[in-house]
Amino acid sequence: MTQSRKLLLFMLAAMLTFSFAFAATANAKMVKKVDNFILFLDQSGSMAMRNADGVKKIEKAKSDMLALNAAIPALGYNSAVALFAPFEVQSAPKAYSEGNVATAIDAIDTDYQIFNRRTPMGAGLDDVNPMIGKMSGKTALIIFTDGESNYGADPVAVAKNLYAKYGNNLCVHVVSYADNPEGQAVVDGIRAAFPCSVAADGATFADATALNQYAKSVFYEDVAEPAPAPAPVVAAPAPAKEVVSFNLNFGFDKYQITDEMVPVLEQAKMILEEEPAATYEISGHTDATGTEAYNQGLSERRANSVMKWLTDNGINANRLEAKGYGELAPKYDNTTKEGRKLNRRVEIQTK
């Protein structure tokens with residue numbers, strides 16, 4: 001094979017690989033809007049009543065909290081999960097982990113008696129105030145409630161007091177499950193106390209696009225920056241040995257070959273066929289999401305799926321070795337969404 005033809009194939013592989021990874025976000029970086037957030041759930045009697053769809057409002061709110069948690073990027077927040085009516089701390093403030101927050105939400109009991117369970121929402125806002133006061137920087141308080149308040153201090157007045165105390169260092173957002181004018185009036189009053197408040201309701205979390213936009217509005221913004229220089233596709237060859245490298249990027253928790261990967265695999269197959277004496281390592285990799293043990297198995301499944309495609313398409317299995325490296329050999333920054341996407345890869349190299 002001529003050097004010019006190999007160079008052409010390498011360039012095609014590189015273009016396919018990086019078109020998957022950098023589409024639409026190549027020139028933007030996610031920057032957090034807040035330093036801390038608290039998910040604050042109303043567990044009053046009215047929230048245990050069923051909505052128009054026949055679902056308990058608190059069960060819908062719990063499901064929405066889990067969906068929002070999955071949409072929050074890992075940008076170095078501190079987080080907490082708390083309940084009110086009555087007030088309880090489900091997860092004390094600490095460095096944000098999607099898994100830890102999900103565990104705290106899963107543990108929330110939604111099967112309780114409605115009778116004589118009153119709704120001191122104003123007291124709940126007073127109770128969470130000390131937690132807010134111990135947090136440094138900017139804080140988002142996201143309240144999941146139907147807005148009903150039938151006991152104690154006026155929640156709208158308490159919300160106004162919180163804004164007077166913290167100013168722009170606190171933003172309160174209300175996810176509304178209100179099903180009567182009185183509850184919606186309380187929700188609207190709390191939102192109006194904070195100019196930064198982003199409104200949402202149960203329908204917001206039922207639509208993936210709306211959910212992601214809400215998460216972006218509350219937690220982060222995209223800041224333009226120069227497109228990152230792509231990592232070289234072909235490693236520098238050793239003096240006595242040629243190295244051929246192709247990259248294939250996989251979706252989150254995926255290992256199946258997709259139609260978009262086939263052109264790169266076809267080019268790899270051409271090179272393997274024209275150099276029949278060479279042997280190759282197919283190395284699978286993951287990002288750092290999940291446990292190390294799970295990622296090791298996922299990386300092996302990715303490597304084996306590429307090896308199976310090559311052997312199914314005529315390459316002798318004796319020339320190939322599939323190995324998984326889990327999350328232990330990242331090439332890119334696992335703290336960014338783009339970096340994690342690039343680390344979910346399989347590489348083919350001469351041994």
Student: What ring-ring contact (aromatic ring centres under 6.0 Å, His included) pairs are there with at least one residue in residues 122-147, not counting sequence neighbours?
Tutor: none
Student: Please examine the side chains of Tyr280 and Glu275, heavy atoms only from C-beta on, and report whether any two atoms are closer than 4.5 Å.
Tutor: yes
Student: Distance check, rounded to the nearest 0.5 Å: Arg319 atom CZ versus Glu281 atom CD?
Tutor: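 Here the rounded value is 15.0 Å.
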Student: Quick one: do the Gln43 and Asp109 side chains pair a donor with an acceptor below 3.5 Å?
Tutor: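 No, no side-chain donor-acceptor pair sits under 3.5 Å.
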Student: Side-chain contact, heavy-atom cut-off 4.5 Å: Glu292 with Leu328?
Tutor: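 Glu292 vs Leu328: side chains touch.
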Student: Check this for me: Lys308, atom NZ, are more than 12 non-hydrogen atoms of other residues, nucleotides or ligands nearer than 6.0 Å?
Tutor: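 No, the 6.0 Å shell around NZ holds no more than 12 heavy atoms from other groups.
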Student: With the side chain counted from C-beta on, respond yes when Val187 and Arg191 share a heavy-atom pair under 4.5 Å apart, and no when they do not.
Tutor: yes
Student: Assess whether atom CE of Met49 is packed by more than 12 heavy atoms of other residues, nucleotides or ligands within 6.0 Å.
Tutor: no
Student: Working to the nearest 0.5 Å, report the span between CH2 of Trp309 and CE of Met261.
Tutor: 12.5 Å
Student: So does Asp106 have more than 12 non-hydrogen atoms from other groups sitting under 6.0 Å from CG?
Tutor: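 More than 12 heavy atoms, drawn from other residues, nucleotides or ligands, come within 6.0 Å of this atom.
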Student: Start with the C-alpha gap between Gln213 and Thr209, add the side-chain angles, then the distance that decides, and say whether side-chain hydrogen bond (donor to acceptor under 3.5 Å, both in side chains) holds.
Tutor: CA-CA 6 Å; Gln213 182 57 53; Thr209 300; over 6 Å; no
Student: So if I apply the salt bridge (Lys or Arg N to Asp or Glu O under 4.0 Å) rule between Asp287 and each of Lys337, Arg344, Lys331, which one comes out positive?
Tutor: Arg344
Student: Rounded to the nearest 0.5 Å, how far apart are OG of Ser63 and CD1 of Ile105?
Tutor: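 The CD1 atom of Ile105 is 10.0 Å from OG of Ser63, to the nearest 0.5 Å.
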Student: Please confirm whether the backbone N or O of Gly122 pairs with a side-chain atom of Asp154, one donor and one acceptor, at under 3.5 Å?
Tutor: no
Student: So which atom in Ser299 and which in Gly326 form the shortest heavy-atom distance, rounded to 0.1 Å?
Tutor: OG-N, 2.9 Å
Student: Does any non-hydrogen side-chain atom of Val128 lie less than 4.5 Å from one of Phe84?
Tutor: no
Student: Rounded at 0.5 Å granularity, tell me how far CD1 in Ile38 sits from CE in Met135.
Tutor: 4.0 Å
Student: Determine, step by step, whether Asp222 and Lys216 satisfy the salt bridge (charged side-chain N to carboxylate O under 4.0 Å, His left out) criterion, reporting the C-alpha distance in whole Å, the side-chain angles of both residues, the deciding distance to 0.1 Å, and the verdict.
Tutor: CA-CA 9 Å; Asp222 290 327; Lys216 179 178 179 180; 3.0 Å; yes
Student: Please check if any side-chain donor atom of Tyr177 sits under 3.5 Å from a side-chain acceptor atom of Asp64, or the reverse.
Tutor: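 Yes, because at least one side-chain N or O of Tyr177 sits under 3.5 Å from a partner of the opposite role on Asp64.
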Student: Please name the pair of heavy atoms, one in Ala268 and one in Ile348, separated by the smallest distance, quoted to 0.1 Å.
Tutor: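 Nearest pair, atom of Ala268 first, then Ile348: CB-CD1, 4.1 Å.
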Student: Evaluate the criterion side-chain contact (heavy atoms from CB on, under 4.5 Å) for residue pair Ile257 and Val306; output intermediate values, then yes/no.
Tutor: CA-CA 7 Å; Ile257 298 300; Val306 172; 3.9 Å; yes
Student: Is the side chain of Gln296 donor-acceptor paired with the backbone N or O of Gly324 at a distance under 3.5 Å, no angle test?
Tutor: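 The answer is yes, because a donor-acceptor pair under 3.5 Å joins these two groups.
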Student: Hey, what do you get for CZ (Phe87) to CG (Leu125), rounding to the nearest 0.5 Å?
Tutor: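 Atom-to-atom, Phe87:CZ and Leu125:CG are 10.0 Å apart.
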Student: Report yes or no: do Leu141 and Val156 belong to one cluster of Ile/Leu/Val/Met/Phe/Trp/Tyr joined by side chain heavy-atom distances under 4.5 Å?
Tutor: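 Result: yes, single cluster for both.
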Student: If you draw the axis of the six-membered ring of Tyr325, does the NZ or CZ of Arg345 fall within 45° of it and under 6.0 Å from the ring centre?
Tutor: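 No, Arg345 does not lie over the aromatic ring of Tyr325.
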Student: Taking all atoms of both residues into account, what is the closest heavy-atom pair of Ser79 and Val101, and its distance?
Tutor: OG-CG2, 3.5 Å
Student: Is Ile190 reachable from Tyr166 through a run of hydrophobic residues whose side-chain heavy atoms are each under 4.5 Å from the next?
Tutor: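 As far as the 4.5 Å side-chain criterion goes, Ile190 and Tyr166 are connected within one cluster.
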Student: Quick one: pull up CG in Asp53 and NZ in Lys60 and give me the separation to the nearest 0.5 Å.
Tutor: 8.5 Å
Student: Applying side-chain contact (heavy atoms from CB on, under 4.5 Å) to Ile315 and Lys269, what does each step give before you reach the verdict?
Tutor: CA-CA 7 Å; Ile315 302 300; Lys269 176 175 172 284; 4.1 Å; yes
Student: Is there a donor-acceptor pair under 3.5 Å between the side chain of Asp201 and the backbone N or O of Ser176?
Tutor: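 Flag not set: sc Asp201 to bb Ser176 has no pair under 3.5 Å.
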Student: Please lay out, stage by stage, how Glu321 and Thr279 fare under the test side-chain contact (heavy atoms from CB on, under 4.5 Å).
Tutor: CA-CA 8 Å; Glu321 179 184 12; Thr279 58; over 6 Å; no
Student: Mind listing the closest non-hydrogen atom pair of Gly147 and Thr145 along with its distance?
Tutor: N-OG1, 3.0 Å
Student: Report the C-alpha distance between Gln184 and Asp188 in whole Å, list the side-chain angles of each, state the deciding distance to 0.1 Å, and finish with yes or no for side-chain hydrogen bond (donor to acceptor under 3.5 Å, both in side chains).
Tutor: CA-CA 6 Å; Gln184 190 60 51; Asp188 292 340; 3.0 Å; yes
Student: Do the side chains of Phe194 and Leu162 get nearer than 4.5 Å, heavy atoms only?
Tutor: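 They are in side-chain contact.
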Student: Kindly indicate, with the supporting measurements, whether the criterion side-chain contact (heavy atoms from CB on, under 4.5 Å) is fulfilled by Tyr294 and Thr289.
Tutor: CA-CA 10 Å; Tyr294 181 84; Thr289 304; over 6 Å; no
Student: Are Cys196 and Lys33 close enough that some pair of their side-chain heavy atoms sits under 4.5 Å apart?
Tutor: no
Student: Is it possible for you to say whether Phe40 and Val172 belong to one hydrophobic cluster, with membership spreading through side-chain heavy-atom contacts below 4.5 Å?
Tutor: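 Yes, because Phe40 and Val172 connect within a single hydrophobic cluster, where side-chain heavy atoms sit under 4.5 Å apart.
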Student: Within the side chain of Tyr220, is there an N or O that forms a donor-acceptor pair under 3.5 Å with the backbone of Leu75?
Tutor: no
Student: Decide whether Leu211 and Tyr77 are clustered together by the hydrophobic rule: side chain heavy atoms of Ile, Leu, Val, Met, Phe, Trp, Tyr closer than 4.5 Å, transitively.
Tutor: yes
Student: What are the two closest non-hydrogen atoms of Val158 and Ala153, and how far apart are they?
Tutor: CG2-CB, 4.0 Å
Student: Under the side-chain hydrogen bond (donor to acceptor under 3.5 Å, both in side chains) criterion, do Asn180 and Glu148 qualify, and how do the steps go?
Tutor: CA-CA 9 Å; Asn180 61 56; Glu148 295 194 28; 3.0 Å; yes
Student: Is it possible for you to say whether Val174 and Val218 belong to one hydrophobic cluster, with membership spreading through side-chain heavy-atom contacts below 4.5 Å?
Tutor: no
Student: Using a 3.5 Å distance criterion without hydrogens, assess whether the side chain of Asn78 forms a donor-acceptor pair with backbone atoms of Phe37.
Tutor: no
Student: Do Phe219 and Val198 have side chains that get closer than 4.5 Å, going by heavy atoms?
Tutor: no
Student: Report, as yes or no, whether the 6.0 Å neighbourhood of atom OH on Tyr255 holds more than 12 heavy atoms from other residues, nucleotides or ligands.
Tutor: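 Open.
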Student: Determine whether Asn69 and Tyr96 satisfy the following criterion, side-chain hydrogen bond (donor to acceptor under 3.5 Å, both in side chains), listing intermediate values before the conclusion.
Tutor: CA-CA 10 Å; Asn69 180 48; Tyr96 172 62; 2.7 Å; yes
Student: Any side-chain heavy atom of Val81 within less than 4.5 Å of one from Met65?
Tutor: yes
Student: Heavy atoms only: give me the nearest Asp146-Met47 pair and the separation to one decimal.
Tutor: N-SD, 3.4 Å
Student: Any salt bridge linking Asp179 with Lys57? Criterion: basic side-chain nitrogen under 4.0 Å from a carboxylate oxygen.
Tutor: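 Yes, Asp179 and Lys57 are salt-bridged.
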Student: If you draw a 6.0 Å radius around CD in Gln256, do more than 12 non-hydrogen atoms from other residues or ligands fall strictly inside?
Tutor: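 Yes, the 6.0 Å shell around CD holds more than 12 heavy atoms from other groups.
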Student: Can you tell me if Lys32 has over 12 outside heavy atoms packed within less than 6.0 Å of its NZ?
Tutor: yes
